[in-house]
Amino acid sequence: MSVQHARVPAADAAEVPAKRGFEFLNVPGPTNIPGRILNAMHRPAVDFSGPEFIALSKEIFQDLKPVFKTEGEVFLYAANGHGAWEAALANTLSPGDSILVPETGNFSVAWADMADALGLKVVTVPSDWRRAIDPNAVEDALRQDTDRAIKAVLMVHTDTATGITSDIQTLRAAIDAAGHPALFMVDAIASLATVDLRMDAWGVDVTVAASQKGMMLPPGVAFVAAGERALAAHAASSMPKRYWDWGDRMAKEHYRKFCGTAPEHLIFGLREALDMLSEETLEGSFARHARLAEAVRRCVGQWCEGGALQFNAVNPVERANAVTTILLPPEVATETVRAMCRDHYRVAVGGGLGKLMGKAFRIGHMGDMNEPMILGCLGAVEAGLKRLGVPLGAGGISAAVDWLANPEQAD
Ligand SMILES: *Cc1c(COP(=O)(O)O)cnc(C)c1O
């Protein structure tokens, strides 16, 4: 048997373009992790019950509150967004409770599925996934609930599958107009730090979020912020729980705050992320996301003139600042676009989820992102689409450049 030389290139190596430079990460999560955060995490482990780490985590719990714009309690879990979803439900509800989940897209469907698995009764307000939540339909559904069986309304703020952001304040107003006492829970996993969210001022009882989107961290930390009404509901909730239980996590002993070993390195990274956000300011981060998202929309708008592509979000004002979902014509499969962009242009874009599977692709533009990154992504995707023969309207990139060159957009 002949020994193969590890350094001899495979016969087909020439067919794969050399991989030089960065691969652009334009999937809508996980997002780019800034060097500052990576560096902050590059350190030895510490005693998580020692004074240094206790002081750091106290600071973190405090400094997260302004990010949610709440005076409530913030809980931190070694989990992804799905963990935050479960924590929100398990802490406030009891088996057999009904909840109302206005459909926004794949993420509202998945949260509702989880609720169903936990023994909750799910009432939905259906949607075609191309529009934001209709507050009137939610108000009607709540008015019909005359015996007040519905204990919570679950809203996905930015549905990352559809690229649509719904309006928290109009939904709060709809709940109030129906005079309904249900808790109001918001999935802000893709919206935290990308678009304004004022938990207390807007009457949100529970907000869930995760580390790997607008917060620029690796996946692995989930956040749940709870206001007074949610904490009162916790006291009455009979859903079985231990790891998620807010009761334990509000205990005085520090080690109970994490229900075991703290995800130290993610906390080191989180400290850096909070510092970066406070340097930029939250409002600065929202403005940057809006500016870059608009550049994407200007470009995609031109592409759509070719007649093959469409924005999934029908109403321009509902298009998210975190991600843009683009519908493909039936003859072009999502995976073909993703593979072309990835293998030939070194940019990773997202696929379609749920009923958009195979029919859409998504450009993520949240987190640690700037103008050249967005222009590079758009240029590469345009080249990929052209190479696939997708008819595109002309002038996409220059529309994005013109938008960014507008001095009124300058920061
Ligand atoms: C990413 C995302 C989730 C799921 O988060 P995981 O960390 O993958 O569990 C849920 N909701 C929204 C809106 C998201 O963007």
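Order of appearance sets the numbers: ligands from 1, and atoms from 1 within every ligand.
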- request: Kindly confirm or rule out an N or O of Lys213 lying under 3.5 angstrom from an N or O of ligand 1.
  value: yes
Top protein contact for atom 6 (P) of ligand 1, by heavy-atom distance: Gly81 N, 3.4 Å
message: Considering non-hydrogen atoms of the protein only, which is the closest contact for atom 12 (C) of ligand 1, and what is the distance?
response: Asp187 OD2, 3.5 Å
- request: Give the numbers and elements of all ligand 1 atoms closer than 4.0 Å to a heavy atom of Ala190.
  value: 15 (O)
Option of least heavy-atom distance to atom 7 (O) of ligand 1 (set: His82, Glu86, Gln212): Gln212
message: At less than 4.0 angstrom from any non-hydrogen atom of Thr158, what atoms of ligand 1 do you find?
response: 13 (C)
message: Within this structure, what is the NE2-CG distance for the pair His265 and Leu217, rounded to the nearest 0.5 Å?
response: 13.5 Å
message: Is the terminal nitrogen or CZ of Arg130 (NZ for Lys, CZ for Arg) located under 6.0 angstrom from the six-membered ring centre of Phe311 and within 45° of that ring's axis?
response: no
- prompt: Is the shortest side-chain N to carboxylate O distance from Glu294 to Arg297 below 4.0 Å?
  reply: yes
Modelled atom types, side-chain donor and acceptor of Thr158 and Ser191, under 3.5 Å: no
query: Within a strict 4.5 Å, meaning less than it, do heavy atoms of the Asp200 and Glu71 side chains meet?
result: yes
statement: for atom 3 (C) of ligand 1, nearest protein heavy atom and its distance come out as Phe107 CE2, 3.4 Å
message: Heavy-atom distances under 4.0 Å decide this one: backbone, side chain, both or neither, for Asp159 against ligand 1?
response: neither
query: Could an N or O of ligand 1 be found under 3.5 Å from any N or O of Trp85, whether backbone or side chain?
result: no
task: Tell me, please, whether Phe107 has Lys213 positioned over its six-membered ring: NZ or CZ under 6.0 Å from the ring centre and within 45 degrees of its axis?
output: yes
- request: Look at atom 15 (O) of ligand 1 and say which protein heavy atom is nearest, naming residue and atom and giving the distance to 0.1 Å.
  value: Thr160 OG1, 2.4 Å
message: Could you check whether Arg271 pairs with Glu59 (Lys NZ or Arg NE/NH1/NH2 to Asp/Glu carboxylate O, under 4.0 Å)?
response: yes
